[in-house]
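Since the structure comes first, as structure tokens, the remarks are kept for the end.
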Amino acid sequence: MRKKVIAGNWKMNKDLAEAERFIVETKNSVPSGDKVESVVCAPFPYLSALVEKAKGTDVQIAAQNMHFEDNGAFTGEVSPVMLKDIGVTYVVIGHSERREYFNETDETVNKKVHAAFNHALTPIICVGETLEQRESNETMSIVEYQVKKALEGLSEQQVHDTIIAYEPIWAIGTGKTASSEQANEVCTHIRGVVNGFVSPDAAEAVRIQYGGSVKPANIDELLSQSDIDGALVGGASLEADSFLKLVEAGAK
Ligand SMILES: O=C[C@H](O)COP(=O)(O)O
């Protein structure tokens, strides 16, 4: 049984006081045990403070991006070494907003995934198709390409430890959720790709989240699907109450 993972991606939202209050309000209420993991993906300036606030609890703190180099002349960037240094444990890589607005490519995604493992950070790798690609029946081939490029060169154990988030771009922040069957169909395909590209064991172990307008009202149905092991949630993760409901759904 794969452990569910519910990750709240705040994107570029909240001030420091709101961010800290969120952790205070959730840290003692998130379910512990082996059914679900709770992850909060926060903006860079708050990570240190949130790691401190969440210490000793079951809330993990994630970055929303990072550079693939350890250090160097990369003004404005943040390295995996820095994230590790302050106690961050997860990192989102290749979110569609990074791909669309900040020139993230499948090549840089792959470099970042390797860099994450080199520094014991768990990558949450985002893949997904645009509406045009879905309408021209390219979803499966696009997602397959993104998954293979992202995982290229990883060891089998590293793939075991990877989280892949399937996020159809047309469902992000739009209120349009993929139906649970549509979401599961692609997640099953991703598991099949990992099976063929890496191994059956890795396919069985890798955790695959769905993301795109997930909320307390639709998470149960999404998580009841055979190949959906969690959710990467934007808007509905901003309020502590709503985030807690999502994590509780993962613990059922
Ligand atoms: O990272 C989260 C996804 O982009 C989904 O965002 P959303 O839940 O606001 O649609």
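One-based numbering, in listed order, for ligands and for the atoms of each. Computation of the quantities below employed the complete heavy-atom set of this structure, encompassing side-chain atoms and omitting hydrogens, waters and symmetry-equivalent molecules. Everything numeric here is computed off the predicted structure, so don't read it as measured data.
Atoms of ligand 1 lying under 4.0 Å from any heavy atom of Ser213, numbered from 1 in the order shown and given with element: 7 (P), 8 (O), 10 (O). Which parts of ligand 1 touch Gly235 is read off a 4.0 Å heavy-atom cut-off, strictly below it: atoms 7 (P), 8 (O), 9 (O). Within the listing of ligand 1, atoms 1 (O), 2 (C) sit less than 4.0 angstrom from a heavy atom of Asn9. Within ligand 1, the atoms closer than 4.0 Å to a non-hydrogen atom of Glu167 are 1 (O), 2 (C), 3 (C), 4 (O), 5 (C), numbered from 1 in the order shown. Under a 4.0 Å criterion applied to the non-hydrogen atoms of Gly212, ligand 1 contributes the atoms 5 (C), 10 (O). Atoms of ligand 1 lying under 4.0 Å from any heavy atom of Gly173, numbered from 1 in the order shown and given with element: 7 (P), 9 (O), 10 (O).
More than 12 heavy atoms of other residues, nucleotides or ligands shown are found within 6.0 angstrom of CG on Asp15. At most 12 heavy atoms of other shown residues, nucleotides or ligands fall within 6.0 angstrom of atom CD in Glu239.
Residue contacts with ligand 1, taken as heavy atom pairs separated by less than 4.0 Å, involve Ala171 solely via the backbone atoms N, CA, C and O. Contacts between Ile172 and ligand 1, counted as non-hydrogen atom pairs separated by less than 4.0 Å, involve both the backbone and the side chain.
Ranking the protein heavy atoms by distance from atom 8 (O) of ligand 1 puts Gly234 N, 2.9 Å first.
Phe22 and Trp10 have perpendicular rings, their planes meeting at more than 60° on a 0 to 90° scale where under 30° would count as parallel.
Ile190 CD1 to Asn195 CG: the interatomic distance, rounded to the nearest 0.5 Å, is 13.5 Å.
Ligand 1 does not have Ala236 within reach: every non-hydrogen atom of the residue lies 4.0 Å or more from it.
Listed by chain and number, the residues in a side-chain contact (heavy atoms from CB on, under 4.5 Å) with Lys149 are Asp106, Glu107, Tyr145, Glu152 (sequence neighbours excluded).
Between Lys11, Gln209, Lys215, Gln64, it is Lys11 that holds the heavy atom closest to atom 4 (O) of ligand 1.
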